Amino acid sequence: MPTLNDIRSTFLSFFERNGHRVVESSPLVPRNDPTLMFTNSGMVQFKNLFTGVETRDYKRATTAQKCVRAGGKHNDLDNVGYTARHHTFFEMLGNFSFGDYFKEQAIPFAWELLTKDFGIPKDKLLVTVYHTDDEAANIWKKVAGLTDDRIIRIPTDDNFWRMGPTGPCGPCTEIFFDHGDHIWGGPPGSADEDGDRFIEIWNLVFMQNEQFEDGSMRALDMQSIDTGMGLERIGALLQGKHDNYDTDLMRSLIEASAHATSNDPDGPGKVHHRVIADHLRSTSFLIADGVMPSNEGRGYVLRRIMRRAMRHAHMLGAQDPVMHKLVPALVRQMGAAYPELTRAQALIEETLRSEETRFRQTLDRGLRLLDDELARLPEGANLPGEAAFKLYDTYGFPLDLTQDALREQGRAVDTAGFDAAMAEQKAKARAAWAGSGEATDAAIWFELAEKHGATEFLGYDTEEAEGQI
Ligand code: ATP
Ligand code: MG
Ligand code: MG
Ligand code: MG
């Protein structure tokens with residue numbers, strides 16, 4: 001059975017054999033791209049090649065790209081642990097053409113790799129195309145012999161790919177694998193498409209447009225290809241599993257979590273182990289790429305992910321910091337493919353250890369406060385915004401951590417109330433600073449947050465940028 005490490009190599013050598021330059025993953029913090037919180041797809045490092053601003057000595061490339069989707073346009077944080085197919089950190093395998101081949105070649109490449117090299121049975125695959133893209137539909141018919149009912153036309157943005165609010169973009173075709181009718185879910189475009197039966201494995205984007213901030217779009221001078229396939233998803237499939245978290249790599253992290261907390265990996269704490277395994281990867285790779293936990297911007301997103309994982313470890317009954325103990329298992333699995341992880345191992349362990357030690361000082365009391373608040377609420381009622389704000393302000397609970405905790409009970413937070421409490425505190429803080437006459441970092445941050453709004457720039461939806469503790 002191929003391991004994820006094997007599958008990554010097979011992918012890269014297939015495209016290398018087909019004239020592509022093997023290019024290294026770029027860091028998770030995009031270089032010179034303030035519009036993007038974290039690298040969220042393989043095309044990010046090639047953005048300027050698609051628009052023609054930059055050229056290189058190759059027109060075809062292939063990569064295994066580190067991606068984090070925990071903020072901004074693509075945010076999968078709340079899916080983690082609950083769906084079979086989402087991580088905050090994952091590897092995206094891609095092949096790229098910069099004004100070289102287009103659809104007529106990208107589709108056959110994908111089909112050949114999947115059905116020949118990977119040996120996936122054809123009758124388990126189906127595809128979507130953008131509703132107006134007859135050309136792509138015809139190529140699929142010709143190359144793969146797919147019948148019309150297995151080429152689904154989608155009129156929504158699901159088949160028009162965008163990295164973020166600006167940048168190169170275009171219609172796409174997505175390849176799905178049918179894991180069988182014992183799993184709930186309908187084909188793409190159906191009412192039950194959110195289920196996990198039909199899993200999207202590969203997205204081929206036909207880059208032909210550029211999106212601007214004012215909402216306008218231009219046609220690019222050249223037509224290019226950008227594809228992305230989740231290594232963990234293709235891995236699950238090739239290992240005969242349905243769930244990404246059952247792949248060799250994720251499984252070894254789940255077992256490390258179970259071992260460190262003296263728990264059963266498949267027992268009642270299963271979801272906790274999944275979240276911990278996922279968040280261990282995103283936090284470790286972010287630290288290896290130079291992000292440190294802080295109260296704003298990227299550092300705050302990192303802190304939020306770390307603290308979420310730490311609450312899950314706490315739920316497993318951990319009495320001491322856990323996360324740093326899992327780093328060696330991760331380095332064993334991924335250190336060879338990503339040497340930066342090995343180089344940063346000591347820093348990652350120390351950062352996790354001190355962050356968890358610190359957070360544990362308030363975590364217990366915060367959770368007790370949360371329990372008390374909940375006990376006073378009528379059944380199913382939402383947590384008042386002021387309570388969530390107190391947890392945030394006094395106990396260092398990022399809003400999404402509280403939401404994550406409530407989810408287990410089918411409850412939510414009154415976010416409007418939370419925002420109001422936050423706004424009130426900000427107003428007070430601003431008044432205090434105005435008196436001091438000093439432009440503090442935090443004051444500058446408020447200005448920026450106000451100017452740009454709590455959008456891609458902050459990476460989350462409510463204005464919780466300036467978290468305390
Ligand atoms: P989905 O609809 O399942 O959320 P997507 O359409 O958002 O996926 P793309 O933006 O098309 O995903 O990314 C290309 C590929 O990367 C996907 O086909 C999938 O294999 C993989 N992928 C995307 N998001 C994740 C994730 N959060 N975790 C693991 N793999 C992912
Ligand atoms: Mg998605
Ligand atoms: Mg999709
Ligand atoms: Mg997609």
Side-chain angles (χ1 to χ4, degrees), residues 4 7-8 11 25 28 36-44 63-96 106 110 113-114 118 120 125-130 136 152 154 156-164 167-179 185-190 192-207 225-238 241-247 249-250 274-275 277-279 281-282 285 305:
L4 293 203
I7 297 165
R8 188 192 304 108
F11 182 95
S25 172
L28 284 169
L36 196 60
M37 170 76 41
F38 298 122
T39 300
N40 60 11
S41 60
M43 60 76 70
V44 169
T63 59
Q65 174 66 50
K66 300 180 280 189
C67 294
V68 166
R69 293 192 173 182
K73 179 166 169 54
H74 297 275
N75 185 354
D76 289 328
L77 193 50
D78 290 329
N79 289 323
V80 167
Y82 300 94
T83 74
R85 69 182 197 278
H86 287 108
H87 306 285
T88 54
F89 171 94
F90 64 100
E91 288 177 77
M92 193 184 285
L93 304 170
N95 59 290
F96 306 89
L113 176 62
L114 292 178
F118 287 151
I120 300 172
L125 296 168
L126 61 159
V127 304
T128 60
V129 296
Y130 195 51
I152 301 167
I154 304 278
T156 66
D157 260 11
D158 275 346
N159 280 68
F160 195 96
W161 200 87
R162 289 177 175 85
M163 172 192 91
C169 53
C172 63
T173 181
E174 297 190 324
I175 306 172
F176 286 75
F177 182 81
D178 179 1
H179 280 270
S190 72
D192 297 335
E193 68 174 352
D194 287 339
D196 271 337
R197 172 175 167 184
F198 294 89
I199 293 210
E200 176 191 329
I201 49 174
W202 203 348
N203 191 354
L204 319 181
V205 184
F206 309 130
M207 284 292 182
I225 291 294
D226 152 38
T227 86
M229 170 156 67
L231 172 62
E232 300 77 4
R233 291 192 194 180
I234 184 72
L237 198 168
L238 297 178
K241 306 283 200 253
H242 164 247
D243 193 315
N244 284 8
Y245 291 83
D246 288 333
T247 54
L249 198 161
M250 295 308 293
R274 291 161 70 93
V275 175
D278 173 83
H279 291 7
R281 294 213 303 169
S282 44
F285 274 94
I305 303 173

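Order of listing sets the numbers, starting from 1, for every ligand and every atom in it. For clarity, every value in this text was computed on a predicted model and none was experimentally measured.
- Regarding atom 11 (O) of ligand 1, its nearest protein heavy-atom neighbour is Asn203 ND2, 2.6 Å.
- In this structure, CG in Asp192 is found 10.0 Å from CZ in Phe198, a value given to the nearest 0.5 Å.
- Residue Thr247 forms a side-chain contact (heavy atoms from CB on, under 4.5 Å) with just one option from Leu231, Ile7, Leu4, and that option is Leu4.
- Distance from atom 2 (O) of ligand 1 to its nearest protein heavy atom, with residue and atom name: Glu200 OE1, 3.2 Å.
- Ligand 1 has no nitrogen or oxygen under 3.5 angstrom from a nitrogen or oxygen of Glu232.
- The closest protein non-hydrogen atom to atom 19 (C) of ligand 1 is Arg233 NH1, 3.4 Å.
- Among all non-hydrogen protein atoms, the one lying nearest atom 27 (N) of ligand 1 is Asp76 OD2, 2.6 Å.
- Here the closest non-hydrogen pair linking Glu91 and Ala64 is OE1-CB, 4.3 Å.
- In terms of protein heavy atoms, atom 4 (O) of ligand 1 is closest to His86 NE2, 2.8 Å.
- Judged purely by atom type and a 3.5 angstrom limit, Asn40 has no side-chain atom pairing as donor or acceptor with the backbone of Arg69.
- The closest protein non-hydrogen atom to atom 14 (C) of ligand 1 is Gly228 O, 3.5 Å.
- Take the N/O/S atoms of Glu200: the one nearest the Mg ion (ligand 4) is OE2.
- Here the angle at the Mg ion (ligand 4) defined by ND2 in Asn203 and OE2 in Glu174 stands at 80°, rounded to 10 degrees.
- Considering Gln65, Met43, His87 only, the shortest heavy-atom separation from atom 28 (N) of ligand 1 involves His87.
- Among all protein heavy atoms, the one lying closest to atom 22 (N) of ligand 1 is Phe90 CE1, 3.5 Å.
- Taking a cutoff of 4.0 Å between a charged side-chain nitrogen and a carboxylate oxygen, Arg274 and Asp243 qualify as a salt bridge.
- Summary of contacts: the protein heavy atom closest to atom 24 (N) of ligand 1 is Arg69 NH1, 3.3 Å.
- Where the criterion is an N or O separation shorter than 3.5 Å, residue side chain and backbone included, Ile201 meets it with respect to ligand 1.
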